[in-house]
There are 2 protein chains.
Amino acid sequence: MDGIGLIIYARCEVWYKGRAESHLAPGDYLIIRKKDGALLIHGATLTTPLNYQPPGAELKYERTPEGIILTSTRKKEEIKIKIQEVYTHILADSWSNNKITLWGTESHLRDHVISNIDKYFPGHTEIHKEYSTPVGAIDLLVIQDKSGERVHNVIEFKRKKATLAACSQLGRYLQHFRTQMMVLSIGYIFSPDITANALIHLEQNGDHHVKVEIPQITHP
Amino acid sequence: MDGIGLIIYARCEVWYKGRAESHLAPGDYLIIRKKDGALLIHGATLTTPLNYQPPGAELKYERTPEGIILTSTRKKEEIKIKIQEVYTHILADSWSNNKITLWGTESHLRDHVISNIDKYFPGHTEIHKEYSTPVGAIDLLVIQDKSGERVHNVIEFKRKKATLAACSQLGRYLQHFRTQMMVLSIGYIFSPDITANALIHLEQNGDHHVKVEIPQITHP
DNA sequence: AGTTCAGTGATGCGT
DNA sequence: ACGCATCGCTGAACT
């Protein structure tokens, strides 16, 4: 975190080589090198960079007859930038490293449901957040006694529309409970919405979707 | 795509309001506004922006006694930036919009395996790429005739270490074939590596991992 | 360090 | 244009 912050707008060409490999045709791009070593090359559109490297990369500077060559290396991944002409460069020493504070996440949704748990699972005897299993942690596990039988309600939360991936994730937990632990289990996806395919797949397995809205934000 | 490209290094403060909500404390940040309307606010570390808005956002400029206020709006999402002082700004008219060309993806791995398919599945009768099912598309489906019985080999590719999520995905396809289509099916994950838990889970279901390396890159 | 999961995910592809 | 599944995802939390 003691590196240099550098922002360069320049005419350049970029090569990436690692697990995959890419080439970016010569043009005018924004090159960002952050204090933690992260490197970004941005084009004129899109939020995602054309090329990037995560924090921890090392930057090498080299002057050649063809122009400046920047090489950023991290493990077995390398990005090479051949700079033809620098239009503007900023040495961002003062660059701040604050974090945003974010409200309205999946765990907020989960906690909101827990605070109204009687509404969804009356007569519950146990509640476990992030219940750990060999196949991953269950967002919320609510155990009920139904006429003497213990029912395990396995709940997966999604803050937006649930897809097939959510069903798979839930199915994995349920398979563990049903076939390894031999306990009676019912699966639930709590989300504001669910895709048609996901709902079909869910109901074929005898599980359920419960529509819930992201809770209103309450500032601390 | 006819908007202005703008790069600003400035002291500012940022608020985001939409499905979620966040606040970024005053400091020195890099503000990027792209030609397609995308907006990024980057801090001194990490590859991801602190705040962002996808393409299509509209930017409003406002001058107040407290400083310049930029407001970027897209659907019901809004980012507000209060700029105290601009250190450097670049009007990036020439900003290029080229795309990278990428080799070594999951589909390259799949195609490499297909070209050596006899090695893995001798006596196959049918090969289907991206075989569509109600629960998603199977990367590769290879059908074999084994002493008169049709065996469906369901193959999922991962370009790096396979995790539990890959098993779930594969399991979803297999469940469909076995319980809905009533055909004999065997599942495979082809990847350079697999996590311990994922391998256990896979083998418990009678499925298999096949170690494959990302193919050498051959430039066109 | 390895593994798993959430994300204002984003992108690409199919309908 | 929208819905849907994947990603060189990234980053964070936990073992």
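Here is how names work: the chains are called A, B, and so on, in the same order as the sequence lines, proteins then strands, and each is numbered from 1.
For His23(B), the NE2 atom is densely surrounded, since the number of other residues' heavy atoms within 6.0 Å is greater than 12. The neighbour count for Glu126(A) CD, taken as heavy atoms of other residues, nucleotides or ligands under 6.0 Å away, is above 12.
Side chain of Lys160(A), nearest nucleotide from dT8(C), dG8(D), dG9(C): dG9(C). Closest contact between the side chain of Ser22(B) and the listed nucleotides dC9(D), dG11(D), dT8(C) involves dT8(C). Relative to the side chain of Pro55(B), the nucleotides dA6(C), dT11(C), dT10(D) differ in distance, and dT11(C) lies closest. Proximity note for Ile100(A) (side chain, C-beta onward) versus dT8(C), dT4(C), dG11(D): the nearest is dT8(C). Side-chain proximity of Gln169(A) to dG8(D), dA6(C), dA12(D): nearest is dA6(C). Comparing dG8(D), dA5(D), dA10(C) against the side chain of Thr48(A) picks out dA10(C) as the nearest.
Between the P atom of dT10(D) and the NZ atom of Lys75(A) lies a distance of 11 Å, rounded to the nearest Å. Distance Tyr131(B) OH to dG14(C) P: 17 Å, rounded to the nearest Å. Per the geometry, CG belonging to Leu24(A) stands 15 Å off C1' belonging to dG8(D), to the nearest Å. Taking atom CZ on Arg110(B) and atom C1' on dC7(D), their separation rounds to 15 Å, with Å as the unit.
Here the separation of dT8(C) from dC14(D), taken at their C1' atoms, is 25 Å to the nearest Å. Going from the P atom of dT10(D) to that of dG12(C) covers 15 Å, rounded to whole Å. Comparing the C1' positions of dG8(D) and dG14(C) gives a spacing of 23 Å, expressed to the nearest Å.
Of the residues in residues 188-210 of chain B, not one places a heavy atom less than 4.0 Å from an atom of DNA chain D.
In terms of phosphate contacts, Tyr173(A) brings a side-chain nitrogen or oxygen within less than 4.0 Å of OP1 or OP2 of dC5(C). Dashed line: the shortest gap from a side-chain N or O of Tyr52(B) to OP1 or OP2 of dG9(C) is not under 4.0 Å. A close approach under 4.0 Å does occur between a side-chain nitrogen or oxygen of Lys158(B) and OP1 or OP2 of dC7(D). Contact check, Arg159(A) against dG9(C): a side-chain N or O comes under 4.0 Å of OP1 or OP2.
Counting any heavy atom pair closer than 4.0 Å across all strands shown, Arg172(A) reaches sugar-phosphate atoms only and no base atom. Among the heavy atoms of the strands, none lies under 4.0 Å from Lys17(B). Here Ser132(A) lies out of heavy-atom contact (under 4.0 Å) with every strand. Residue Ile214(A) is out of contact with every strand shown, counting any heavy-atom pair closer than 4.0 Å. Among the heavy atoms of the strands, none lies under 4.0 Å from Gln53(A).
Salt-bridge annotation for Lys60(B) and Glu58(B): absent, with no side-chain N of the basic residue lying under 4.0 Å from a carboxylate O of the acidic one. Under a 4.0 Å N-O distance rule, the pair Arg110(A)/Asp139(A) does not qualify as a salt bridge.
Sequence order on DNA chain C of the closest nucleotides to Glu106(A) and Lys161(B) puts Lys161(B) first from the 5' end. With the nearest nucleotide of DNA chain C identified for both Thr47(A) and Asp139(A), Asp139(A) has the one nearer the 5' end.
Put simply, the side chain of Ser96(B) never gets that close to the backbone of Asn98(B): no donor and acceptor are under 3.5 Å apart.
Centroid-to-centroid, the aromatic rings of Tyr188(B) and Phe121(B) come within less than 6.0 Å. Separation of the Tyr173(B) and Tyr131(B) ring centroids does not fall under the 6.0 Å cut-off.
Relative orientation of the Phe190(A) and Tyr120(A) rings is perpendicular, given thresholds of 30° and 60° on the angle between their planes.
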